[in-house]
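Some notes on the structure that comes next.
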Amino acid sequence: MKYPYFPIISPYYPHISLVSLSYERSDDIELEIVGVDCSNGRKLKKMAYKAVDEINQEIFITEIKKDNKKYPITNFPGLIINGKIISEGKVLTSREIKKILLSS
């Protein structure tokens with residue numbers, strides 16, 4: 001990722017420009033697990049936490065129960081990454097989840 005650089009001219013040394021690295025990171029990953037109140041949901045949650053532990057990246061995990069109607073998921077458990085439904089009705093392994101997280 002290229003960082004935006006904003007040149008700042010110093011009043012004391014006009015021939016030297018300072019660089020500011022003030023930017024907002026937008027590459028954080030939000031992972032949501034739908035249906036954590038069933039046995040397969042707990043398995044998916046365990047695999048997701050295992051995959052996140054192996055990745056050195058900031059990932060926010062949210063657990064959603066079945067009765068939440070935020071996403072149109074009919075088969076539980078469901079895995080959602082950054083608002084996109086990745087899997088539905090399947091328990092992914094930690095290796096599969098890690099591969100998906102690194103590609104997004």
Side-chain angles (χ1 to χ4, degrees):
M1 176 179 172
K2 294 185 179 180
Y3 302 107
Y5 292 96
F6 303 103
I8 300 172
I9 307 299
S10 171
Y12 301 106
Y13 304 100
H15 60 283
I16 298 175
S17 63
L18 305 174
V19 175
S20 171
L21 290 177
S22 61
Y23 66 95
E24 193 173 307
R25 289 184 60 131
S26 63
D27 58 345
D28 293 336
I29 297 174
E30 183 178 342
L31 188 138
E32 295 174 305
I33 304 166
V34 181
V36 293
D37 48 351
C38 65
S39 63
N40 284 339
R42 288 190 292 272
K43 289 177 188 175
L44 181 63
K45 180 174 94 169
K46 182 179 176 182
M47 293 296 159
Y49 277 104
K50 185 177 178 183
V52 167
D53 284 342
E54 296 173 1
I55 298 174
N56 293 330
Q57 198 171 8
E58 191 167 345
I59 299 173
F60 302 103
I61 298 179
T62 307
E63 300 171 6
I64 302 172
K65 296 191 182 239
K66 284 183 183 179
D67 57 355
N68 193 330
K69 302 295 181 193
K70 186 176 178 182
Y71 296 103
I73 293 179
T74 56
N75 299 324
F76 296 100
L79 182 69
I80 299 161
I81 298 177
N82 291 336
K84 182 180 174 187
I85 299 174
I86 301 297
S87 75
E88 182 178 344
K90 182 181 176 186
V91 178
L92 299 174
T93 64
S94 63
R95 181 181 289 171
E96 291 172 327
I97 296 172
K98 188 166 83 169
K99 183 178 176 183
I100 293 168
L101 288 173
L102 291 175
S103 67
S104 64

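Side chains are part of it too, since the values below use all heavy atoms of this structure and drop only hydrogens, waters and symmetry mates.
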Under a 4.5 Å cut-off applied to non-hydrogen side-chain atoms, are I59 and D28 in contact?
-> no
Rounded to the nearest 0.5 Å, how far does CZ of R95 lie from NZ of K50?
-> 9.5 Å
Apply salt bridge (charged side-chain N to carboxylate O under 4.0 Å, His left out) to E30 and list each qualifying residue two or more places apart in sequence or on a separate chain.
-> none
Hey, quick one: are I80 and L31 part of the same hydrophobic cluster, counting side-chain heavy atoms closer than 4.5 Å, chains of contacts allowed?
-> no
With sequence neighbours left out, write down each residue that passes salt bridge (charged side-chain N to carboxylate O under 4.0 Å, His left out) with K69, or none if nothing qualifies.
-> none
Those residues that, when tested against E96, pass salt bridge (charged side-chain N to carboxylate O under 4.0 Å, His left out) (two or more places apart) | none
Between E88 and T74, does any side-chain donor sit less than 3.5 Å from a side-chain acceptor?
-> yes
Hphob cluster co-occupancy, I86 + I64, side-chain heavy atoms under 4.5 angstrom | no
When clusters are formed by joining ILVMFWY residues with side-chain heavy atoms under 4.5 Å apart, either directly or through shared neighbours, do L79 and F76 land in the same one?
-> no
Side chain proximity check, S94 to D53, heavy atoms < 4.5 angstrom = no
Set of residues satisfying salt bridge (charged side-chain N to carboxylate O under 4.0 Å, His left out) with respect to E32, sequence neighbours excluded = K70
ILVMFWY cluster, V91 and Y71 together (side-chain gap under 4.5 Å) = no
Evaluation steps, side-chain contact (heavy atoms from CB on, under 4.5 Å), between L92 and K90 | CA-CA 6 Å; L92 299 174; K90 182 181 176 186; 4.0 Å; yes
Please list, one pair per line, the donor and acceptor atoms closer than 3.5 Å that link side chains of residues 33-45 to other protein atoms, with sequence neighbours excluded.
none

Linked, directly or transitively: I29 and I55 (ILVMFWY side chains, under 4.5 Å) = yes
Rounded to the nearest 0.5 Å, how far apart are OH of Y49 and CD1 of I97?
-> 12.0 Å
Set of residues satisfying side-chain hydrogen bond (donor to acceptor under 3.5 Å, both in side chains) with respect to S103, sequence neighbours excluded = none
